[in-house]
Amino acid sequence: MKKILTAKHIILSFIFFFELIFSAEITIKLSPDLFEGNFQLKTESHITIDNISYYKSTTTTEGKVAPSFSLGLEITTRLLNNFLEVGIGSEYQFPRTIFTLNGQTPAAELKFWFLPIYALCRTYVKINDSLIFGKLQGGYNILHDGNKEYKNSFRLVGGLHYGIGLGVSIEDNVNVELLYSVYEGEHLYRESNYIYGKKIYTEIKYTDKYSKIAAQLGFRFRI
């Protein structure tokens, strides 16, 4: 009996994923930023000598980012009589430029970008003749990079990505969205030295948080 149930579950799962794949849609997105983005830099410094903490500090810097452009790709499928849409997506950001930090122009040109992979969900409702949807997305920035002035001597790592949006479907093959999204990452620097027989360990971590509001024009294609 257990083997029969297991076989039944495998067959049903296969049918479900078969339908999921062959009812999928690909959306190619063009996404210009509508306004200046916000950039928050949290700096944490920590110095220990022979494993004893001697200095620790945290500061936060606020900055502004010039608008730029992104390209995106999403693979989705619709469920529950087209009320729900789920899938995965990614976004390639053209370089962004930080033009102020705490109201001051940086001494060097600072350019950065993120590349997230995320899961997404849209829910649809029909109002008059328009198909309106809300959108949630969340994932991880697998790439966090920048020019040499932005990276300095630090190692860059990714972080969380999430967003919320609202949009409308046109002719069932074009989406127009307004999306607020956040991208997080880190700069890491660690150094260990011995001075007069004492081990001095220095750790500096920048936590980067970039947020923006963008318009998104998506073109749908059925697989």
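Everything quoted here is computed from the prediction, not taken from an experiment.
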S.K.: For Ser90, give me all partners under side chain to side chain donor-acceptor pair (under 3.5 Å), at least two apart in sequence or on another chain.
M.R.: none
S.K.: Please find the pair of heavy atoms, one from Leu166 and one from Gly134, that lie closest to each other, and give the distance.
M.R.: CD1-CA, 4.3 Å
S.K.: Sequence neighbours excluded, which residues qualify as ring pair (Phe, Tyr, Trp, His ring centres under 6.0 Å) partners of Phe39?
M.R.: Phe112
S.K.: Are the side chains of Glu36 and Phe99 in touch, meaning some heavy atoms are under 4.5 Å apart?
M.R.: yes
S.K.: Is there a donor-acceptor pair closer than 3.5 Å between any side-chain N or O of Ser68 and the backbone N or O of Pro95?
M.R.: yes
S.K.: Nearest heavy-atom pair of Ile98 and Pro106: which atoms, and what distance?
M.R.: O-CG, 3.7 Å
S.K.: Using a 4.5 Å cut-off on heavy atoms from C-beta on, say whether the side chain of Thr100 contacts that of Val65.
M.R.: no
S.K.: Answer whether the closest heavy-atom distance between the side chains of Arg122 and Thr76 falls below 4.5 Å.
M.R.: yes
S.K.: Going through the checks in order, is the side-chain contact (heavy atoms from CB on, under 4.5 Å) test met by Ile28 and Leu73?
M.R.: CA-CA 5 Å; Ile28 297 174; Leu73 179 69; 4.1 Å; yes
S.K.: List for me each residue that meets salt bridge (charged side-chain N to carboxylate O under 4.0 Å, His left out) alongside Lys151, sequence neighbours excluded, and say none if there are none.
M.R.: Asp145
S.K.: Is the shortest heavy-atom distance from the side chain of Val168 to the side chain of Asn175 under 4.5 Å?
M.R.: no
S.K.: Through direct or indirect side-chain contacts below 4.5 angstrom among Ile, Leu, Val, Met, Phe, Trp and Tyr, which residues connect to Val182?
M.R.: Leu34, Phe35, Leu136, Tyr162, Ile164, Leu178, Tyr180, Ile213
S.K.: Kindly state each residue pair satisfying ring-ring contact (aromatic ring centres under 6.0 Å, His included) with at least one member in residues 123-147, sequence neighbours excluded.
M.R.: Phe114-His144, Tyr124-Phe133, His144-Tyr150, His144-His187
S.K.: Before giving the answer on side-chain contact (heavy atoms from CB on, under 4.5 Å), spell out for His161 and Gln137 the whole-Å C-alpha distance, their side-chain angles and the decisive distance to 0.1 Å.
M.R.: CA-CA 8 Å; His161 161 68; Gln137 64 185 53; 2.8 Å; yes
S.K.: Would you mind listing every side chain to side chain donor-acceptor pair (under 3.5 Å) that reaches into residues 104-113, with sequence neighbours excluded?
M.R.: Thr97-Lys111
S.K.: Using the salt bridge (Lys or Arg N to Asp or Glu O under 4.0 Å) rule, collect all pairs that involve residues 97-107, keeping only residues at least two apart or in two chains.
M.R.: none
S.K.: Have Ser70 and Arg96 got a donor and an acceptor in their side chains that come within less than 3.5 Å?
M.R.: yes
S.K.: Under the side-chain contact (heavy atoms from CB on, under 4.5 Å) rule, collect the residues that match up with Ile170, sequence neighbours excluded.
M.R.: Val174, Val176
S.K.: To the closest 0.5 Å, what do you measure between CG (Leu156) and CG (Asn141)?
M.R.: 11.5 Å
S.K.: Side chain to side chain donor-acceptor pair (under 3.5 Å) with Gln40: which residues, sequence neighbours excluded?
M.R.: Glu62
S.K.: Would you please name every residue forming a ring pair (Phe, Tyr, Trp, His ring centres under 6.0 Å) with Tyr92, sequence neighbours left out?
M.R.: Phe94
S.K.: I'd like to know if Leu160 and Leu143 are part of one continuous hydrophobic network [Ile/Leu/Val/Met/Phe/Trp/Tyr, side-chain heavy atoms within less than 4.5 Å].
M.R.: no
S.K.: Once rounded to the nearest 0.5 Å, what's the spacing between atom CG of Asn82 and atom OG1 of Thr77?
M.R.: 9.0 Å
S.K.: For Glu184, does its backbone N or O pair with a side-chain atom of Asp208 as donor and acceptor, under 3.5 Å?
M.R.: no
S.K.: Can you check whether Glu25 reaches Arg78 side chain to side chain, under 4.5 Å on heavy atoms?
M.R.: yes
S.K.: Test Glu74 against Glu91 for side-chain contact (heavy atoms from CB on, under 4.5 Å), laying out the working first.
M.R.: CA-CA 9 Å; Glu74 294 178 349; Glu91 173 189 358; over 6 Å; no
S.K.: Look up atom CG in Leu80 and atom OG1 in Thr123, then write down how far apart they are to the nearest 0.5 Å.
M.R.: 11.0 Å
S.K.: Check whether any side-chain heavy atom of Leu179 lies under 4.5 Å from a side-chain heavy atom of Lys212, and answer yes or no.
M.R.: no
S.K.: State, to 0.1 Å, how close Leu84 and Cys121 come at their nearest heavy-atom pair, and which atoms those are.
M.R.: CD1-SG, 3.4 Å
S.K.: What I'd like to find out is whether the side chain of Lys205 reaches to under 4.5 Å of the side chain of Lys42, using heavy atoms alone.
M.R.: no
S.K.: Output the rest of the hydrophobic cluster of Tyr118: all Ile, Leu, Val, Met, Phe, Trp and Tyr residues reachable through side-chain heavy-atom contacts under 4.5 Å, sorted by chain and number.
M.R.: Leu120
S.K.: Excluding sequence neighbours, so at least two apart, what forms side-chain contact (heavy atoms from CB on, under 4.5 Å) with Thr61?
M.R.: Leu41, Leu101, Asn102
S.K.: Are Lys64 and Asn38 packed together at the side-chain level, in the sense that at least one heavy-atom pair is separated by less than 4.5 angstrom?
M.R.: yes
